[in-house]
Amino acid sequence: MRSARARPGWFTRVFVHGVSGWVTLLTYLFMLVPIVILVAFAFNAGKSTVVWTGFSLGWFEKVWHNRNIARALHVSLVVALGSAALSTAIGALAAVAITRREFPGRDLLGAALAAPLVLPEIVLGVGLLVFMSFAGVPLGYGSMIVGHVLVSIPFATLIVRAAAASLDVRLEDAAADLGANEWQTFRLVTLPQLMPAIATAFLLSATLSFDNLVMSTFTSGVGTTTLPLRIYSMLKLGITPEINALGALMVVANVAILLLVMGRYLPLMLKPNRR
Amino acid sequence: MRRALRQRIEIGAMLAPSVLLLGVFVLVPLCVVAAYSFALRDPYGAVLPGFTLRNYADLFQGVYLLVFVNSFELAASTTALCLLIGYPVAYFIAFKAGRFAPALLLLLLIPFWINFLIRISAWVVLLGRGGLINRGLVGAGLVDAPVGMLGSYGATLVGMVYAFLPLTVFPVYAALQPIDRRLIEAGADLGAGPAETFLRITLPLSLPGVLAAALFVFVPSMGVFAIPVLLGGGKDIILGNLIVQLFLEFRNIPLGAAVSMLLLAFAGLGILLYMRALRRVEAMR
Amino acid sequence: MTRLTFALAASTLALAAAAPALAEDLRIFGWAGEMPDEVLQDFEAETGIAVTFDTFDSNESLIAKLDAGGSGYDLVNPSQYAVQILVNRGKLAELDHSRIETYDKIGPSFTQVSYDPGNKYSIPYVWGTTGLAYNKTCVDAPITGWKALFDEKYKGRVYMLDNMLAAYIAGLQVNGFDANTTDPAEIEKATETLIAQKPMLAGYNSTNFADLVSSGEACIVESWSSSVLQAIQDNPDVVYVLPEEGGTMWIDGYSILTDAPNPDAAYRFLSYILRPEVAAKTTELTQTATVVTESKALLPDALAKNPAVFPAESTIANADFILDLGDAMKLYQDGWTRVKAAQ
């Protein structure tokens, strides 16, 4: 008997199946065109970010020699990587525990981990600031990293939870049946399957930290001005191509890092799939 | 018996860091904020110990309720738009992009690494009267004079979607990616059309991701303050602006704390609903 | 945790440790754009003291940061009314003028300021006015007063400063009141004026308003003199005006915190910036007037004679001077919230 699978007509294939494709294309244009324009004007000879006057690398020079930016970048990187690592580690552990096991206070912990999302960042920031000064802890990298972890941990946890919920439990049960303890099961069965989600969570956490403005305002101490804080004060002096140049450099750096990280996968990605 | 105990210890170890983190850095500051919401203030803004319900009473004046409504509207619109746009994108990356999926995801993050303020200022430039969009419109003869786009609600929405879209795509993708393709093929084999397969198999399975995405967007949207200021002209004050204003401009910390507590209570409700929904979905396995 | 995560964590720690240990340190918390980097670098070169200059964008955030205590800064840069507030909160140290070699360089009119007679707690440094700026190409006649900000003719092309006190300066003075008033009826009238203005406004903006008026996106913006004068250098179509209804004058100065880790370095910095040639450099680079009278002679003519940078005595006499309004602040705050929330 012929299979009952319906063969979609060309209309369905292009316009319905293709919907996700079209939306994706337009969305990526929407997301990336402003970036392209931004980068283009970084090479503008004049001071305008709207009127093209000629080609020049002058703004890049200016950014390169800007001490404040260099310092701020250093701070931002340290805080982003540190807080993302902590967030992902803590969040992933908690996410798996919550998804897999019953324990008292499970819902409460789940809600509590999402709580920083709900609290206005400024409240968290002020609370942290008061707490730190009460405890006599000087503001600096430590307070910033803690603040940023608070901001990103809900995202890390929820992302890993969403993935953990989709996993096939039978694999873990099988491992347990074969004699593996909790930790081994976690390390050898659960974790590898969760890697994409964990990597996603790490990237997102680092990104959120790198971009963060409010929490940084409150938890920054002397000399720990992050890049967003520095840029904010630059913006007050007018939007000049110097800011564009900074943005362009960030794109380049970003792409470079990604290539470094993804480098292993590149040959795999370029090889045509056998299906 | 031994196994159960060992399990308990191992779970405890997994949970310890998060509990510690939350306890010390969220719970305690939260208690401080809660205490402040009942406190008095001196004319200069310092918090005086004391107990009063006046701050909460103040909140229910018309002005602040209006701010809550505004925030809601903006958050709801943003979430709806982000989901509408973000889901198809996540779907495409998960199912259609094949080996390019990681590249596409990373591409989506590139704007994020350029720093929020620079991106928004790129939009300020784009949407301005002298910006490229207006130049194009005037040049193509579609309008007589440049259209004022900055300072409008639309501009704010554009900025919001731009900021929150990746936050939608990632969780939805994380939920879609592990879905067993054979389940979908099974649906097709049983005679379901693509729409039906989607609605009855894919969508339900991706719900945890959708719920997470909605949460990621809705709540922070209410706390945003830079976008309504830079793109929307600062004319519509939402909760984020209000709290910044109370804490920083007015130095009315007790009132600011009260607004925060209300926001917390209210959104806590949202999270509880989310948790319920999520557990029900997780229990379906 | 995967190996990758471990590696990242380790490199983070290494990066943090690599941050250079500083020699003698001076930490300043000041207004963005008022103290040029070059001056700071010159100071570092001369004294060997490493300067960290962090910025804020409103007096209120300065006060909030200091309130929490233990900020770690030596010097702060408050405006006149903020000095009063900080003194009341016990944050500022009494200054020992004998440790500031160049104290006598401060112009006589700045030594007996109403908010801090005798400069006990603050050294005034830069001053300016609050008024409005407009773009010549988009108005038909020169603008002279606040009333232009409320004129329907410019609907959609006007920005007010996103700052309660600044907005009320306009709202009160356009109604003929003093910008320092504590009279509830007057404040109420100003609130109504501001609410009525809202539909014709393009927005409230304290960030990049100079850019907006320079690019023609806005025709008229309420503005602080220091912020817009740099834009005027690049675009001569922009004009800054102290409105005929009065406008205000403000003074930003430097104060030493009571818990400053390095007051010696702070005093050396104060002595340094009051030197006429340094003050002249500051003015040249930021287009803002300083209190050092001798520095004016060292400036290029165009700058020294610029009425926007150095308004005439007669013009200033008409301007108000915002002082700490005490309890009346609440009235302003309620009004401002109503203005902002109005549809």
Side-chain angles (χ1 to χ4, degrees), chain A residues 4-6 8 19-21 23-24 27 31 34-35 38 49-50 90 93-94 97 101 103 107 110-112 114-115 117-123 126-128 130-131 146 150 158-159 162-163 165-166 169 182-183 197 200 204 207 211 227-228 231-232 235 239 243 247 250-251 254 258 269 273, chain B residues 7 10-11 14-15 17-18 21-22 25-26 28-29 32-33 85 88-89 91-92 98-99 102 106 109-118 121-123 125-126 130-131 170-171 174-175 177-179 188-189 191 193-194 208-209 212 219 223 243-244 247 260 263-264 267-268 271 275 282 285:
Chain A
R5 182 198 297 239
V19 160
S20 68
V23 174
T24 307
T27 305
M31 295 296 291
I35 309 297
L38 187 79
T49 44
V50 199
I90 299 178
L93 283 175
R101 302 270 173 257
F103 54 87
D107 270 344
L117 252 186
V118 167
L119 278 183
E121 224 178 295
I122 184 166
V123 178
V126 168
L128 255 189
V130 171
F131 177 66
V146 168
L150 287 183
L158 289 175
I159 287 182
S166 306
V169 196
E182 292 293 325
W183 180 240
T200 308
L204 194 58
T207 304
D211 229 22
L227 202 51
I231 293 176
Y232 190 62
L235 273 182
I239 304 180
I243 292 183
M250 283 163 111
V251 177
N254 192 43
L258 294 179
M269 290 197 323
N273 267 340
Chain B
Q7 251 193 34
E10 276 159 343
I11 292 176
M14 283 171 83
L15 295 176
S18 40
L21 178 80
L22 291 175
F25 295 112
V26 175
V28 171
V32 171
V33 173
I85 300 175
V89 176
Y91 185 89
F92 184 85
R99 61 190 190 270
L106 295 169
L109 272 183
I110 287 186
F112 262 61
W113 277 79
I114 290 178
N115 180 266
F116 174 65
L117 288 172
I118 299 186
S121 56
W123 275 105
V125 170
L126 259 182
F170 275 75
Q177 190 261 350
I179 292 180
D189 283 339
V219 174
I243 291 183
V244 172
F247 271 110
S260 310
L263 177 57
L264 172 65
I271 285 197
M275 291 281 139
E282 282 166 359
R285 317 249 159 258

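Values below: all heavy atoms of this structure, side chains included; hydrogens, waters and symmetry mates excluded. Throughout, protein chains are lettered first and strands after them, A, B, ... in sequence-line order, and every chain is numbered starting at 1.
- For B:Ile179, no part lies near chain A; criterion is any non-hydrogen pair under 4.5 Å.
- A:Pro34 and B:Ala122 get closest at one heavy-atom pair: O-CB, 4.3 Å.
- Considering only heavy-atom pairs separated by less than 4.5 Å from chain A, the leading option among B:Pro171, B:Pro88, B:Ala212 is B:Pro88.
- Checked against side chain to side chain contact (heavy atoms under 4.5 Å, CB included), A:Leu93 has the following partners two or more places apart in sequence or in another chain: A:Phe186, B:Met14, B:Pro17.
- In summary, of the residues considered (A:Asp211, A:Leu227, A:Leu38), a side-chain contact (heavy atoms from CB on, under 4.5 Å) with B:Ile118 occurs for A:Leu38 alone.
- Remark: A:Thr200 engages no residue in a side-chain hydrogen bond (donor to acceptor under 3.5 Å, both in side chains) (not counting sequence neighbours).
- Ranked by heavy-atom pairs under 4.5 Å with chain A, the first of B:Ile85, B:Val32, B:Val89, B:Leu21 is B:Val89.
- Of the listed residues (A:Val146, A:Leu150, A:Ile159, A:Thr207), the greatest number of heavy-atom pairs within a distance under 4.5 Å of chain B belongs to A:Thr207.
- Here A:Gly247 is the residue among A:Ala197, A:Ala163, A:Gly247 with the most heavy-atom pairs under 4.5 Å with chain B.
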